[in-house]
Amino acid sequence: MKKRIVIVFTGGTISMEIDESMEAAVPSKKGEALIKRIQEFSDIAELSFDHFLSVPSPYISISD
């Protein structure tokens, strides 16, 4: 039986790209795009994700 791994996606640095119009890095990638990069783990575990937020980590609050 494979292990089950849930990745909680919160945006942040790993999802950022430069937005030329804003001249800043902004969260832009979704969890689906990032999980495709780690498909080799699917041999050992069932991967799923929860797209919880899409904000830079300094903006995550206790209420989130």
Problem - Partner set under side chain to side chain donor-acceptor pair (under 3.5 Å) for Ser21, not counting sequence neighbours - result: Asp19
For [X], give me all partners under side chain to side chain contact (heavy atoms under 4.5 Å, CB included), at least two apart in sequence or on another chain.
X     : result
Ile5  : Ile7, Ala45, Leu47
Tyr59 : Val55, Pro56
Asp64 : Phe52, Leu53, Ile60, Ser61

Handout entry: Atom NZ of Lys2 with >12 non-hydrogen neighbours under 6.0 angstrom
Key =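 Enclosed.
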